[in-house]
Amino acid sequence: MNAALTENRALSSTGTEFALELKNISKLFGALAALEDISMSVRPGERRAVLGSNGAGKTTLFNCITGDFPATTGSIKFFGEDISEFPSHERIRRGLRRTYQISQLFPALSVFDNVYIACRGVSTGRFSFIRPRAKDALMSSTDELVQIVNLHDVRNTPVAELSYGQQRQLEIAMALAGAPRFILFDEPAAGLSPTERADLVTILTELPSHMGFIIIEHDMDVALRVAESVTMMHNGRIFKNGTPEEIENDVEVQALYLGNADE
Amino acid sequence: MAIVETESKIVRLDGTRQNWLEKIPAQYWVVGILLLIMPLFASDFMLFQIFGWTFILGMIALSLMFLAGYGGMVSLAQMTIAGLAGYLVAILGDSAITEISQGWPWYAAIPVALIVTALFASAIGWLAVRTDGIYTIMITLAIAAAFFYFARQNYEVFNGFSGFNSIHPPSLFGVDWRGPKAFYYLTLFWAVASYLFILYISRAPFGLALQGVRDNSRRMSALGYNVVAHRVAAYTLAAIPAGIGGILLTWQSAQISPGTVGIGPAIDVLVVAVIGGLGHPIGAFIGALIYVLLKTFSTDALIALSLSGERFRLLIGLSFLVIVFFSPDGILGLWKKFKVWQQRNPFEQSDGRDL
Ligand SMILES: Nc1ncnc2c1ncn2[C@@H]1O[C@H](COP(=O)(O)OP(=O)(O)OP(=O)(O)O)[C@@H](O)[C@H]1O
Ligand SMILES: [Mg+2]
């Protein structure tokens, strides 16, 4: 699809069985167990949806994987390498990416600068004292990413002036920087208009096939269209794994969802 | 703050590149020429005492502006860092205290002094970046206090209470660099160099990332940046203008003693930076000029009003209060507000954070 997204291909074909392997992850916030004994494995290139009611622990799971908050117990392997003790930036440099449920952008900077910072973060020269030149390779990959998420028209606009939907798109562009190997999307569709949702589904389905991801999504329509497997979470535990069809037709899942709808 | 944009804008539609001279704004020309020809009409006292001191103090405040404005880290140890560079030049080079001073030539003493100072600053940074806000201020203040007492009590290396005197700049090119005109140009050169250096860095990847760390460090980690390393590196970098300023300060008064690195001077640097404004590197020099003018002339004015000349600190303190109260962005903030008010043009956007 796009040069900016495929250059890291060699890295991803390291032949490990799993892109992401979680073993017995738990996370305590004081007395509250936000995650309890989560084990899950995701193959390279696999697209997985994580469903679950509010407070099920989905975002916390992402925070543990990326190291935003370290897990209380358990181990995480990323393409065969144990990253449990790594600080966040080391995990990211190995090809892991994420988006945030609440956009984490630099509001005073332009769209282009935001994406540029993201590209720079996963390349060399983070400490460079030399200003980038117009022909810099990172400048053109930044431009490509801005195109992919349809923000080219506002590339020089400060992020604070973007619409909510545009900010969500930018959040995705920043996660695609530097050819990721695996991405965690935290409710990318929440709050988007139907057309923006359709655009999002297009972006996700057009990602290169080696690029696996986990997407947290309440909207079953979106989740089931982009994912080939589904994990249901409930109260900090994994409730069920399956194909989209299995999950949709599962009696217990339906009961849980209906139960929540009643609340 | 279109960091990356500035580069592409200079490519004209016909593809030719704009001459770099054409990019320099008009006010830079005016101020630049004025500063260059200043020795034609200013008195020796003005050149040496007022401007020389302003440039030096401005460089030390600039190092704080860089840390606080771009990095969000308020360090009270910048005067200590400057003072260490001054001490090292006295210890490694020449002074009247011949039993301590090593008598190294300037081309060895100055670089070693600056490198050791930068390492010292990195160590301070390494301690301080683990803290936030008020705790950063407290830990750097504690370091400043510890250094002051250590220098005062240590006679083997720092020569205790009396410090060092007769520290002179090398007479390079046969010039007496302590002559008012020569010293003026010497300090002007380093002040301008430091200013341009910081301004340039602020839009290079390092400075851009530092501002990202200031605004959202968690996000920066999730983008692959080592936030701690970036902060420590900022301390190291800030040691360069501070260290050069410290050496020039030592040459200006021809001496260095614990009084130079006391708590008072440490806090004065913060006052200078805040009065000028932390939003832009130029604020450090504006603040320094105001401080130097107040300090130099308020004593006379106060005595003329038959008040004690000691009340100078009160004046500084009052101006500090007034500035912080009316414009947290310092004089620069006032100026910006005035410009916005003056040319309220609905088609013009001011992003309010950067000049
Ligand atoms: N930083 C934190 N400190 C304390 N408790 C937290 C923290 N983050 C999350 N929690 C708690 O952990 C539980 C799981 O929260 P989490 O945000 O992971 O849920 P979620 O599945 O993402 O929900 P949602 O669908 O609302 O986004 C909640 O009870 C929440 O209150
Ligand atoms: Mg969540």
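Chain naming here is simple, since letters A, B, ... match the order of the sequence lines and numbering starts at 1 in each.
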**Q.** Side chain / backbone / both / neither for B:Leu237 at chain A, heavy atoms under 4.5 Å
**A.**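 It is the side chain, since no backbone atom gets that close.
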Please check if atom [atom1] in [X] has more than 12 non-hydrogen atoms from other residues, nucleotides or ligands closer than 6.0 Å.
X        : atom1 : value
B:Tyr135 : OH    : no
A:Ile102 : CD1   : no
B:Asp132 : CG    : no

Does the side chain of A:Asn63 pick up a donor-acceptor pair with the side chain of B:Arg218 at under 3.5 Å?
->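 Indeed, the side chains of A:Asn63 and B:Arg218 share at least one donor-acceptor pair under 3.5 Å.
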Q.
Quick check on the interface: out of B:Gly212, B:Gly207, B:Ala209, who has the most heavy-atom pairs with chain A under 4.5 Å?
A.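 Most pairs with chain A among the choices: B:Gly212.
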What option among B:Ala222, B:Ala233, B:Ala229 has the most heavy-atom pairs under 4.5 Å with chain A?
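Between B:Ala222, B:Ala233, B:Ala229, the count favours B:Ala222.
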Given side chain to side chain contact (heavy atoms under 4.5 Å, CB included), test B:Val227 with A:His89 step by step and report yes or no.
CA-CA 8 Å; B:Val227 168; A:His89 63 269; over 6 Å; no
- Counterpart residues, side chain to side chain donor-acceptor pair (under 3.5 Å), relative to A:Thr157 (two or more places apart):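 Here no residue qualifies.
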* To do: Any chance you could measure B:Thr236, atom OG1, to A:Phe127, atom CZ, to the nearest 0.5 Å?
  =>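 Going from the OG1 atom of B:Thr236 to the CZ atom of A:Phe127 covers 9.5 Å.
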Nearest-0.5 Å distance that lies between atom OG in A:Ser88 and atom CE in B:Met220:
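Rounded to the nearest 0.5 Å, the OG-CE separation comes out at 12.0 Å.
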Query - Segment of A:Phe106 engaging chain B (4.5 angstrom heavy-atom cut-off) - result: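 Just the side chain, heavy atoms under 4.5 Å.
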Take the angle between the ring planes of A:Phe129 and B:Phe197 and call it parallel below 30°, perpendicular above 60°, tilted in between.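 Correct class here is perpendicular.
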Between B:Tyr200 (side chain) and A:Arg131 (backbone), is there a donor-acceptor pair under 3.5 Å?
->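 Yes: the side chain of B:Tyr200 pairs with the backbone of A:Arg131.
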### Task
Name the option with the most non-hydrogen atom pairs under 4.5 Å to chain B; the candidates are A:Asp68, A:Leu105, A:Thr66.
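Counting heavy-atom pairs under 4.5 Å, the top option is A:Asp68.
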Report task. Sorted by first residue and then second, give each side chain to side chain donor-acceptor pair (under 3.5 Å) pair with at least one member in residues 117-128 of chain A; sequence neighbours left out. Result ->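 Listed once each, the pairs are A:Tyr116-A:Arg120.
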**Prompt:** Any side-chain heavy atom of A:Pro132 sitting closer than 4.5 Å to one from B:Pro205?
**Reply:**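 Answer yes - side chains close enough.
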Q: Might you point out which heavy atoms bring B:Leu223 and A:Ile117 nearest each other, and give the distance in Å?
A: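 Closest approach of B:Leu223 to A:Ile117: CD1-CG2, 4.1 Å.
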Requested in this report: Could you tell me which non-hydrogen atom of A:Gln104 sits nearest to which non-hydrogen atom of B:Arg219, and how far apart they are?
Outcome: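 Heavy-atom minimum between the residues: O-NE, 2.7 Å.
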Worksheet item: B:Leu208 and A:Leu109: side chain to side chain contact (heavy atoms under 4.5 Å, CB included), yes or no, with the steps?
Response: CA-CA 10 Å; B:Leu208 188 52; A:Leu109 299 183; 4.1 Å; yes
